[in-house]
Trainee: 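Okay, handing you the structure first.
Below, chain A is the first sequence line, B the second, and so on; all start at residue 1.
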Protein chains: 2
Amino acid sequence: MKISLIDENANRLLQNEVIIKIRNLINAKNLERGDKLPSERIMSEKFGVKRNHIREAIRRLEFYGVLKSMSQSGTILAIGLVGFNGMIDEIISLDAPSFNELVETRISLELKTVGLASQRRTSADLKQIKKALNAFKAKISIGDDYLEEDLLFHLAIAKASKNSTMVSLMLLITPPILATYDRDTVCEGDIAISEIKKHEDIYLAIEAKNPELATKMMSDHFFKLKKHIEN
Amino acid sequence: MKISLIDENANRLLQNEVIIKIRNLINAKNLERGDKLPSERIMSEKFGVKRNHIREAIRRLEFYGVLKSMSQSGTILAIGLVGFNGMIDEIISLDAPSFNELVETRISLELKTVGLASQRRTSADLKQIKKALNAFKAKISIGDDYLEEDLLFHLAIAKASKNSTMVSLMLLITPPILATYDRDTVCEGDIAISEIKKHEDIYLAIEAKNPELATKMMSDHFFKLKKHIEN
DNA sequence: ACTCTTAAATTGGTTAACCAGTTTGGGTAC
DNA sequence: GTACCCAAACTGGTTAACCAATTTAAGAGT
């Protein structure tokens, strides 16, 4: 999507069609930032699609901040024409992200959040991270699937970074990773034990408020994954 | 979101209420990954809200990958109960991101994309970046507002990173930044000229396929902004 | 008993009518 | 000529009826 993960490919193509038509219309009319678009009903009729398709397209463009829908009044262009055209192309060409892309992005994000968390964590944050770490260790020690507990550990760290935007991005990126993850390659007995050690190292670095060390530990933690996606 | 920029705060609170009720229901029934939720109509009646509110809440949770709605069949829990509960708390507590958070995230992202772009850019990518750079320079030389051209330059770089996930994130993050940006503090004559130089340096580093240099140049480019948000 | 068929009930999705604000423009008072 | 007002038209948002696909389970046939 969306940034979205879900294609629901049936709809998506139609929605892109509508977006392109809106783009063409805006360009044809040479609208500028703040100008009003035709009403949903009119576009619906002119484009030959149902109104809710128009609404969906507008919602999507609103999500990316290029349109702004104003209740009982109208929809306006929320950005200049230049930026609008440049963004539209990217929005409609967003395909479903690959596993490697997602992991690459996640690693980049987490190397940042763990550093920030080391600087900004409160004692309450630390407590939460510790709690997540313990749940993770408990799950691993009984040889169970620990993927979600791992996620919550990393999420707790992101939250301690005090940057809610990065938390949002983590929330967006992680689920499709979990969905794709080959669960078999994860839990591997003794290797799982070493995973505990790495998580503890990260925790200790955050506790010690040592951003450089925390970043390095997180990087080590991702080493195997990084190698994996380079194949 | 949302990650979302738009609060439409009226709706948001109700939607969070519904999400919390769905959370409670799932926990009360001890659902596991793959289990079906009650139908939209039943939840609508049980929660005392209209069905479209239920649908909106489900859509949002689907967006974050915790639910999966299956046409004419039902909605299922797409994640384990542990991960579900951990994510819900974050999702409902996502407040509108502050300017500083957004900029901090953007800088982190762009330092990564510019490095990747330096490694992976094709000649076509380079051409696109050059084109965006020229548009930027043209706009600056006539003393006009260049914010959107700047955005497109950075977007072109992100695209050259060959990571569509990062492009998505850029698209999500940048608009609220533009919206908040104090346009007055940007264009300042001779300073604007030095901005051109910095952009050209970034371009040259990407052309030379030198990730380290490109990252440094991008970092320099963001130096002033970085200082600004530290106040 | 067991399997296959089939029709009724249930599902998420779609549609068109409806609603309450907002905008608009012509008419009225001065 | 100008300012004001108010009703008609139009706006995005909401609602409830409708749809087609799926699921369910009862029943017929063997």
Trainee: Does K112(A) have any salt bridge (charged side-chain N to carboxylate O under 4.0 Å, His left out) partners at least two apart in sequence or in another chain, and if so, which?
Mentor: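 K112(A) satisfies salt bridge (charged side-chain N to carboxylate O under 4.0 Å, His left out) with no residue once adjacent residues are dropped.
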Trainee: Whole-Å distance between dG12(D) P and L67(A) CG?
Mentor: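 Roughly 11 Å, once rounded to whole Å.
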Trainee: Is any side-chain heavy atom of L77(A) less than 4.5 Å from a side-chain heavy atom of L67(A)?
Mentor: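 They are in contact (side-chain heavy atoms under 4.5 Å apart), so the answer is yes.
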Trainee: Residues in side chain to side chain contact (heavy atoms under 4.5 Å, CB included) with K137(A), at least two apart?
Mentor: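 Listed in chain order: L133(A), N134(A), I196(A), E200(A).
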Trainee: Quick one: salt bridge (charged side-chain N to carboxylate O under 4.0 Å, His left out) partners of D89(B), sequence neighbours excluded?
Mentor: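 For D89(B), the residues satisfying salt bridge (charged side-chain N to carboxylate O under 4.0 Å, His left out) (neighbours in sequence not counted) are R23(B).
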Trainee: With sequence neighbours left out, write down each residue that passes side-chain hydrogen bond (donor to acceptor under 3.5 Å, both in side chains) with K139(B), or none if nothing qualifies.
Mentor: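 K139(B) satisfies side-chain hydrogen bond (donor to acceptor under 3.5 Å, both in side chains) with E149(B) once adjacent residues are dropped.
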Trainee: Can you build the contact string for nucleotides 21-26 of chain C? Use B for base contact, S for sugar-phosphate-only contact, and - for no protein heavy atom under 4.0 Å.
Mentor: BSS---
Trainee: To 10°, what angle do the rotation axes through the five end pairs on each side of the helix from dA1(C)-dT30(D) to dC30(C)-dG1(D) form?
Mentor: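 The helix from dA1(C)-dT30(D) to dC30(C)-dG1(D) shows an end-to-end axis angle of 30°.
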Trainee: Output all residues satisfying side-chain hydrogen bond (donor to acceptor under 3.5 Å, both in side chains) with S44(B), sequence neighbours left out; order by chain, then residue number.
Mentor: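 Residues passing side-chain hydrogen bond (donor to acceptor under 3.5 Å, both in side chains) with S44(B): none at all.
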Trainee: How close or far is atom C1' of dT15(C) from atom CD1 of I54(A), stated in whole angstroms?
Mentor: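 The answer, rounded to whole Å, is 15 Å.
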Trainee: Sequence neighbours excluded, which residues qualify as side chain to side chain contact (heavy atoms under 4.5 Å, CB included) partners of I129(A)?
Mentor: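 For I129(A) the side chain to side chain contact (heavy atoms under 4.5 Å, CB included) partners, ignoring immediate neighbours, are F153(A), A156(A), I157(A), A160(A), Y203(A), I206(A).
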Trainee: Rounded to the Å, how far apart are I58(A) CD1 and dT11(D) P?
Mentor: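 Checked: the CD1 to P distance equals 12 Å.
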Trainee: Could you tell me whether the phosphate oxygens of dT11(C), OP1 or OP2, come under 4.0 Å of any side-chain nitrogen or oxygen in T75(B)?
Mentor: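 Indeed not, no polar side-chain atom of T75(B) lies that close.
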Trainee: To the nearest angstrom, how far is I76(A) atom CD1 from dG12(D) atom P?
Mentor: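 Atom-to-atom, I76(A) to dG12(D), this comes out as 12 Å.
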Trainee: Nearest whole Å is fine: how far is dT14(C) P from Q15(A) CD?
Mentor: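 For the pair Q15(A) CD and dT14(C) P, the rounded distance is 11 Å.
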Trainee: Could you tabulate the donor-acceptor pairs under 3.5 Å formed by side-chain atoms of residues 78-85 of chain B, not counting sequence neighbours?
Mentor:
{"from": "N85(B)", "atom 1": "OD1", "to": "N27(B)", "atom 2": "ND2", "distance (Å)": "2.7"}
{"from": "N85(B)", "atom 1": "ND2", "to": "N27(B)", "atom 2": "OD1", "distance (Å)": "2.8"}
{"from": "N85(B)", "atom 1": "ND2", "to": "L81(B)", "atom 2": "O", "distance (Å)": "3.2"}

Trainee: For R55(B), does its backbone N or O pair with a side-chain atom of N52(B) as donor and acceptor, under 3.5 Å?
Mentor: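 Checking the backbone N and O of R55(B) against the side chain of N52(B), no donor-acceptor pair under 3.5 Å is found.
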Trainee: Can you name the salt bridge (charged side-chain N to carboxylate O under 4.0 Å, His left out) partners of E101(B), sequence neighbours left out?
Mentor: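 Counting only residues at least two positions away or on another chain, E101(B) forms no salt bridge (charged side-chain N to carboxylate O under 4.0 Å, His left out).
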Trainee: Among residues at least two apart in sequence or on other chains, which ones pass side-chain hydrogen bond (donor to acceptor under 3.5 Å, both in side chains) with E110(B)?
Mentor: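 Result, side-chain hydrogen bond (donor to acceptor under 3.5 Å, both in side chains) vs E110(B): R106(B), H154(B).
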Trainee: Does anything in residues 37-53 of chain A reach DNA chain C, meaning a heavy atom under 4.0 Å, and if so which residues?
Mentor: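 Those residues are R41(A), K50(A), R51(A), N52(A).
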Trainee: Round to the nearest Å and state the distance from E56(A) atom CD to dG13(D) atom C1'.
Mentor: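 From E56(A) CD to dG13(D) C1': 13 Å.
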